[in-house]
K.L.:
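Below is the structure I would like to discuss, written out as structure tokens.
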Amino acid sequence: MGRRSKNIKKSLGQAPGTIIYTGNKENTELFIDVFDYNVDFFEENKLGTIEDAYKYVDSEPITWININGLNHVEAIGKIGDYCKLHPLILEDIANTHQRPKIDEYDEYLFLVLKMLHFNGEGELHIEHVSFVLGKDYVLTFQEAEGDVFDPVRNRLRNAKGRIRANGADYLLYALMDAAVDNYFILIEAIAEKIETLEDALFEDKPNDDIVYEIQVLKKEILRIKRAVSPLREVVNRLEKGGHKYISERTQFYLRDLYDHIIQVSESVEIYREMIWGLMDMHMTTLGNKMNQIMKVLTIVASIFIPLTFLAGVYGMNFEYIPELKFKYGYFILWGVMVLIFAALFYYFRRKKWL
Amino acid sequence: MGRRSKNIKKSLGQAPGTIIYTGNKENTELFIDVFDYNVDFFEENKLGTIEDAYKYVDSEPITWININGLNHVEAIGKIGDYCKLHPLILEDIANTHQRPKIDEYDEYLFLVLKMLHFNGEGELHIEHVSFVLGKDYVLTFQEAEGDVFDPVRNRLRNAKGRIRANGADYLLYALMDAAVDNYFILIEAIAEKIETLEDALFEDKPNDDIVYEIQVLKKEILRIKRAVSPLREVVNRLEKGGHKYISERTQFYLRDLYDHIIQVSESVEIYREMIWGLMDMHMTTLGNKMNQIMKVLTIVASIFIPLTFLAGVYGMNFEYIPELKFKYGYFILWGVMVLIFAALFYYFRRKKWL
Amino acid sequence: MGRRSKNIKKSLGQAPGTIIYTGNKENTELFIDVFDYNVDFFEENKLGTIEDAYKYVDSEPITWININGLNHVEAIGKIGDYCKLHPLILEDIANTHQRPKIDEYDEYLFLVLKMLHFNGEGELHIEHVSFVLGKDYVLTFQEAEGDVFDPVRNRLRNAKGRIRANGADYLLYALMDAAVDNYFILIEAIAEKIETLEDALFEDKPNDDIVYEIQVLKKEILRIKRAVSPLREVVNRLEKGGHKYISERTQFYLRDLYDHIIQVSESVEIYREMIWGLMDMHMTTLGNKMNQIMKVLTIVASIFIPLTFLAGVYGMNFEYIPELKFKYGYFILWGVMVLIFAALFYYFRRKKWL
Amino acid sequence: MGRRSKNIKKSLGQAPGTIIYTGNKENTELFIDVFDYNVDFFEENKLGTIEDAYKYVDSEPITWININGLNHVEAIGKIGDYCKLHPLILEDIANTHQRPKIDEYDEYLFLVLKMLHFNGEGELHIEHVSFVLGKDYVLTFQEAEGDVFDPVRNRLRNAKGRIRANGADYLLYALMDAAVDNYFILIEAIAEKIETLEDALFEDKPNDDIVYEIQVLKKEILRIKRAVSPLREVVNRLEKGGHKYISERTQFYLRDLYDHIIQVSESVEIYREMIWGLMDMHMTTLGNKMNQIMKVLTIVASIFIPLTFLAGVYGMNFEYIPELKFKYGYFILWGVMVLIFAALFYYFRRKKWL
Amino acid sequence: MGRRSKNIKKSLGQAPGTIIYTGNKENTELFIDVFDYNVDFFEENKLGTIEDAYKYVDSEPITWININGLNHVEAIGKIGDYCKLHPLILEDIANTHQRPKIDEYDEYLFLVLKMLHFNGEGELHIEHVSFVLGKDYVLTFQEAEGDVFDPVRNRLRNAKGRIRANGADYLLYALMDAAVDNYFILIEAIAEKIETLEDALFEDKPNDDIVYEIQVLKKEILRIKRAVSPLREVVNRLEKGGHKYISERTQFYLRDLYDHIIQVSESVEIYREMIWGLMDMHMTTLGNKMNQIMKVLTIVASIFIPLTFLAGVYGMNFEYIPELKFKYGYFILWGVMVLIFAALFYYFRRKKWL
């Protein structure tokens, strides 16, 4: 789908549970930051090594450890071992092709989702994010710096809203909600692209690339659909699953999140239908243009070909062509030709071709 | 979808439960009216402030408080606090992008639906309405004045039908029923628009805007579908949910309402299929027209091009062209040309091109 | 959908349970006939007023009361009150837009279905029929005289088959079966219409109305689908519902009826697919025709335009054109032109355009 | 669907359970053959009258009675009465329009399926077969002689495989398996037809009937789908139903049969998609051809029309046209015309039209 | 579907459970290799006859017996008898048309799946693989040598990963995982093919085979879908089925495998949609090209036909044509003709045809 990773083959043929980074940001530096908080306490920190994170995991307050740099597979392995995560989960954290999923284990919950955004050139970028919810901590794993979680960070810092008064499950919800909120912006961008193309089609602009642009849009919406639609199931199971780390209070919020995802999914379906319709519109526009072109040709040819024939007739060199001798023959012929012209003109007018 | 709100971004990145108005009627005045009634008693009142409403909520008779002006978020917050509504519900009341939903809480029921109508210019308008059903009261929240609830108001005033003899659950049903009844009018309007376009296509009117109009209709039906189809689930859960504030007697009515929504949904699906078919019809009409145009060109060219060639031949200046000396050469040639004309005319006639 | 009732607005904004006739047969006379029977006894009667029917409802034998004339809403109201029918049911009896449904109450069953037939002009007519099955009686409500129940009447009169030996539930089944049997005739008529259009398309008849006829057929099949498909659910619930008035013996027959409805539904789906395919076929036929037309134009033009050019060349008035002086120049040119003609003819033949 | 029976109306309006043959093989002779067998015993017999069959039904060994000639409704009635079959089952045996179904009764199982084959002229024929499985016997009912059960007969005669060692339920399975096996041959034939049409389309053969042939294929695959798809449900219920006459051992085989039917259904779906795609391919092929045709026309016309104009200019009779006096005017003009020709030729070549 | 086996008929009409090879690799040699291992022990062996395999089945360590050569039906029969496999399973092992399935028996599990790869000529090859999981052994059956299991073999040899420390159920998982991993490579190849075709369409390369190539791709994706989609159900039942030979530990891995299959299925669906879209793109491209062609024709003809007419007029031989006598008549006419040319040129430019 246009962004196929050359790394896909790296992960094939390996033993299950082997941690292999399949993205293409090979040189990202490892970047770890930690938020440790409860209602009364708040600490924010950047860590040098993954081992520094261990003490936060064990500490009393709620902890959010955000790890950027999926290429650092040994760091992922270490924190995974420390938190006793299943090897398959570590594999999924580093495998950027993994679709959104939820895995429920006794002592933790594992979730994958995708952050979507259009970059400066209007190209769709898909970022792989993994979440681990354990006892009083949340781990997040991202490919590189730059994410949609800043509103959550600010709420943590400013103790705004309910976030500091709730548990790690609410933090997980808040992070997912930030990611889903971002989908709405994406959907808006898609809607704008569709309208731009529609306008181009209505205004008959001689844009040869329009088929190409529609095709690109088709692929984008299919990729978005693929990133968004498994999330319905994920959040539904998160809400309904009754995991011991999800409090009843947070379930209300998850229900709301589920609602948002349904709304995004519906929009994706609607825009998909609209994009498919663009191709039809383009065909119709082409057909319309063709009709215009052919009308011009037909009118010109139908009027002048018979007249040219007439002129040809009186250009013949027969010895005896009586009309040629008529004094006003030439003018009479002009008269006839004007009459024919007028008749044909009227005929095409009545047919609404003119 | 053509009516994208610039306010969508306002609500993103906020803590969940923050009340933000996402519509574009920013300057609407707060307008509150109250109906307080039972079989024997009736009072109708306009209120100045939201605090005036509190005593009605607590009073014995059935109360309907209708609040217009979702931009007054602090008023929504106050009444919400007074009625102990969950913060997420208050967010949904002000969020005009919220799709139809039902949330069941122990002490109240929360519902969202959409009122749809075509305005004077034939544009589709979608109004966001929220309902809260509590003990002996119904709250409704709307963006601005002007709704479809007047028949219900009249029945309340005139004590017509069963409405004054039933509880708040019946009032909720009556209000929803009024909204759904209105969908039928909308559906009629869509049907009329389709027929107008069909007629335009059959009569081959040279309307360049028809593709545009079909496209607009497509979007309208998709938006209607989006507003109507979640309602099936909403009313179904309302009927089946067995909430303590929904009496068995009202369930019969809700079943009937569900039936109406199914009927609207089916119509929407059918009209959607018809609208998609319009594009095909248009393509066929274009193809048909093209055939007409090309037939004219082909007939004219096929008849006169060979004749012109003949005339050209006898316009040549060769010194020795015996036919030119024939006394009746010119007339013989005319004869030949008329014969060719007749033969080709007959040929095209037999092919049914003429 | 082409038969939109102007009465739809009458019923909107009314209190639920108000009986309003929404069809357009406003002047139909009230017509009531009664069949009272058991194995040994049979009485058939036409009644003047609805009150005359009461005694039959109460009488011991099985009773079928058929009421024609839905515009007589007060008569419907009276019999409804006498049989203690729910007001919403009376509303549905008179509301000809009501889709097929089943409502199960403790003391009776209520069913709506549609009778479909093509009238003399080949237009689809949809008749609204309601059934009430109570203790030892069946009420049927129709818009006007003229129905598909005559075979049932004859079997009642002649004591043919099992009908007189069975209860009111079997009578209900027999009436529904008669209506469904009639669908098969309708389906046949649709099949014939499709074949007529296919033949017209294959034979390339210059029928400008074919797009229109396909469109009409599309609407008809959509309307039929709408009338038939809810019936699956209706009969399924009737069979499975275990209502106290449906005997186990009749359930076997209802299962068979369900089977028939499935068969009709499948046919409707298949014919729908065929009708949609007609549009594609038409497009292809148009494309084919266009190819024919363009081939003629191309062959004629490609042959004669170069020849005309040649003739033009030797019609020029240059003082010194050596070929013109050649004795057999004219004949040589004819030879060349015949050769060119033959070469092009052979070329087009090889391309299979001729 | 092209093979509509004129007998359909015969069965309408009759009391349910009336046995009416709806096929068109009215003059088929009644033909009854019997296989009576167990592990040690085998008897094969042709019977003259239906009454001769009674003793086999009652006898100890497994019995298969095959009755050809559904027009002999009184014989069907007799054997039905003897085996105490429900009247609706007898109706279904003779009703060749009955879709595949299963009816479970306490003392027997009733099944309908369809045998499909292409006859000599390549037309699809659908044969109606009914099975009754009772205690130690199987009845089969067919329209006429000629079926797909010969492999089963041979295995019975030669005591090959497990068939003689198993009960009547295994015989039923074996017969159904033979019918389903035959579907694979049918599917192969459809695949061959599709490939023939594809080849015809790729090779651009001037076949005017191709739209017709695609349409016929469409109808055939729809009819096959209709005959095959209900069978999934039938066999599934047969396997899962736990009827007392179906042994656990046979269930393994039925599961396998179910698997085969799924495989056939999938093939039918895939071929259906391929056939629908043929129409698109045809459209594209037409478009391609059209482009070819128009290129020829455009090239010829674009080259020779300007040249003809030039020749026309120097054929004018103005008294003073200086070029005409030039000694080598004629040759210079030829040079100019050759240059124009070469330039246009090069232009079209670069556009890849030549 | 282009690779129809002539052997399909061989298997029809046979008693169920007869082992018949339906592929076309008739002359493959029988090739048996064995892996016998546990944490501490490892033995790899090639066997001469099937009887040599018996002792490994019975031995304590985990055993994997891989049998290549489905044409050796008697060997399949022998090992089947030794392991007490149901005859229907043996039939399915040799029947290469069998779709992916799972059969659960008390003492073993039977699975079928397909290995897919593109061969050197880019043609899709589908290999039939069967698995039997018994107590401490796995049997695999393949048509011929050459499979995707080498990574598993290497892990067994090198005691890499968890494989030697787990039971036969993990081995089964590892083998299936290897096959599914391979699907990702296939999917990549399909994506590349689609992009190649898209590029060809965008660049308007005069490739006449593009319709053919799209058609081939359509068939390939349908065949892949058919091989992949039943696998969802297979692995789901394997995970959920709770068979006594599937340990809880392995279920985690199977859940992961299921996830991969869903991912492959989604890709297949998306690429299927893309491939269908290619045909539309091709149609649009054709329409675009046609417009180009017709514009050229229309512009040339519309400009030169009127000019030729003018030249024809002054080529007429009327005795009295005053213009011909004008001194600068010829030059005035040229002026007029240049003016007409310029006017038309401007007209077409404004229409954006030039």
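Nothing here was measured: the structure is a model prediction, and the numbers come from that model. Quick note on labels: first sequence line is chain A, next is B, and so on, each numbered from 1.
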K.L.:
What do you reckon, is CD of E74(A) surrounded by more than 12 foreign heavy atoms closer than 6.0 Å?
P.N.:
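Counting other residues, nucleotides and ligands, CD of E74(A) exceeds 12 neighbours.
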K.L.:
Which atoms of M337(A) are under 4.5 Å from chain E, going by heavy atoms: the side chain, the backbone, both sets, or neither?
P.N.:
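When you check distances to chain E, only side chain atoms of M337(A) fall under 4.5 Å.
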K.L.:
In terms of heavy-atom proximity below 4.5 Å to chain A, should A301(E) be classed as side chain, backbone, both, or neither?
P.N.:
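Both backbone and side chain of A301(E) come within 4.5 Å of chain A.
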K.L.:
For the atom pair CE (M294(E)) and NZ (K289(A)), what is the distance rounded to the nearest 0.5 Å?
P.N.:
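Reported to 0.5 Å precision, the distance equals 14.5 Å.
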K.L.:
Please classify the contact of K327(A) with chain E as side chain, backbone, both or neither, using a heavy-atom distance under 4.5 Å.
P.N.:
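Backbone only.
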K.L.:
Please determine whether side-chain contact (heavy atoms from CB on, under 4.5 Å) holds for the pair T284(E) and L286(A), giving the CA-CA distance in whole Å, both sets of side-chain angles, and the decisive distance to 0.1 Å.
P.N.:
CA-CA 8 Å; T284(E) 317; L286(A) 277 179; 3.8 Å; yes
K.L.:
If you measure from CE on M283(E) to NE2 on H282(A), what distance do you get to the nearest 0.5 Å?
P.N.:
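Reported to 0.5 Å precision, the distance equals 12.0 Å.
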K.L.:
Chain A heavy atoms under 4.5 Å from Y183(E): which part of the residue, side chain, backbone, both or neither?
P.N.:
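Looking at Y183(E), nothing touches chain A.
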K.L.:
Could you go through the side-chain contact (heavy atoms from CB on, under 4.5 Å) check for R223(A) and I270(E) one step at a time?
P.N.:
CA-CA 9 Å; R223(A) 285 174 70 203; I270(E) 283 179; over 6 Å; no
K.L.:
Between F149(E) and chain A, with a heavy-atom cut-off of 4.5 Å, which part of the residue counts as in contact: side chain, backbone, both or neither?
P.N.:
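For F149(E), there is no contact with chain A at all, as no heavy atom is under 4.5 Å.
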K.L.:
I need the minimum non-hydrogen distance between F252(E) and H86(A), along with the two atoms involved.
P.N.:
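Closest approach of F252(E) to H86(A), heavy atoms only: CB-NE2, 3.9 Å.
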K.L.:
Please look at I303(A) and chain E and tell me whether the side chain, the backbone, both or neither of the residue comes under 4.5 angstrom of a heavy atom of that chain.
P.N.:
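Neither part.
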K.L.:
Check T308(A) against I305(E) and note the closest heavy-atom contact, atom names and distance.
P.N.:
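Heavy atoms of T308(A) and I305(E) come nearest at OG1-O, 4.3 Å.
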K.L.:
Distance from L222(A) atom CG to M274(E) atom CE, nearest 0.5 Å?
P.N.:
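So the CG of L222(A) and the CE of M274(E) are separated by 6.0 Å.
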K.L.:
I214(A), L297(A), D103(A): which one forms the most heavy-atom pairs within less than 4.5 Å of chain E?
P.N.:
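Winner by heavy-atom pair count: L297(A).
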K.L.:
Under 4.5 Å from any heavy atom of chain E, what part of D92(A) do you find: side chain, backbone, both or neither?
P.N.:
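Contact with chain E is through the side chain of D92(A) alone.
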K.L.:
What distance do K101(A) atom NZ and D259(E) atom CG have between them, rounded to the nearest 0.5 Å?
P.N.:
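With rounding to 0.5 Å, NZ (K101(A)) is 4.0 Å from CG (D259(E)).
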K.L.:
Is there a side-chain contact (heavy atoms from CB on, under 4.5 Å) between V313(A) and M316(E) once you walk through the steps?
P.N.:
CA-CA 8 Å; V313(A) 162; M316(E) 292 193 297; over 6 Å; no
K.L.:
Please state whether the rings of Y212(A) and F202(E) are parallel, tilted or perpendicular, taking 30° and 60° as the class boundaries.
P.N.:
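Plane angle over 60°, so perpendicular.
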K.L.:
Run Y330(A) and E323(E) through side chain to side chain donor-acceptor pair (under 3.5 Å) and show every step you take.
P.N.:
CA-CA 11 Å; Y330(A) 174 61; E323(E) 296 93 316; 2.7 Å; yes
K.L.:
Which bit of Y314(E) comes within less than 4.5 Å of chain A, counting heavy atoms only: side chain, backbone, both or neither?
P.N.:
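Side chain only.
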K.L.:
For Y320(E) and Y328(A), I'd like to know if the aromatic rings sit close, meaning centre-to-centre distance below 6.0 Å.
P.N.:
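When the ring centroids of Y320(E) and Y328(A) are compared, they turn out to be at least 6.0 Å apart.
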K.L.:
Is the closest side-chain heavy-atom distance between I321(A) and N317(E) below 4.5 Å?
P.N.:
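A side-chain contact under 4.5 Å is absent here.
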K.L.:
Could you tell me which portion of D177(E) (side chain, backbone, both or neither) has an atom closer than 4.5 angstrom to a non-hydrogen atom of chain A?
P.N.:
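For D177(E), the contact with chain A is made by the side chain alone.
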K.L.:
Any carboxylate oxygen within less than 4.0 angstrom of a Lys/Arg side-chain nitrogen, looking at R226(A) and E269(E)?
P.N.:
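Looking at E269(E) together with R226(A), the answer is no, because their closest N to O distance does not fall below 4.0 Å.
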K.L.:
Is any side-chain N of the basic residue among R272(A) and E273(E) closer than 4.0 Å to the acidic one's carboxylate O?
P.N.:
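Result for this pair is yes, salt bridge flagged.
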K.L.:
Is it true that D280(E) and K218(A) make a salt bridge, defined as a side-chain N closer than 4.0 Å to a carboxylate O?
P.N.:
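The answer is no: the pair does not qualify as a salt bridge.
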K.L.:
Ignoring hydrogens and geometry, is there a side-chain-to-backbone donor-acceptor pair from R162(E) to P16(A) under 3.5 Å?
P.N.:
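Looks like yes, one N/O pair under 3.5 Å.
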K.L.:
Go through the atoms of Y347(E) and report whether side chain, backbone, both or neither lie under 4.5 Å from a heavy atom of chain A.
P.N.:
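Just its side chain gets close to chain A.
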K.L.:
Looking only at heavy atoms, what is the nearest atom pair of S302(E) and V296(A), with distance?
P.N.:
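It is OG-CG1, 3.8 Å.
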K.L.:
Is there a side-chain contact between M281(E) and M279(A) in this structure, where contact means two heavy atoms from C-beta onward sitting under 4.5 Å apart?
P.N.:
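M281(E) reaches M279(A) side chain to side chain.
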K.L.:
Measure up the W334(A) and F309(E) rings against each other and bin them: parallel (under 30°), tilted (30 to 60°), perpendicular (over 60°).
P.N.:
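If you compare the ring of W334(A) with that of F309(E), the planes turn out perpendicular.
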K.L.:
Does R255(E) count as lying over the ring of Y105(A), i.e. NZ or CZ under 6.0 Å from the six-ring centre, within 45 degrees of the axis?
P.N.:
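Yes; both conditions hold, so R255(E) lies above the ring face of Y105(A).
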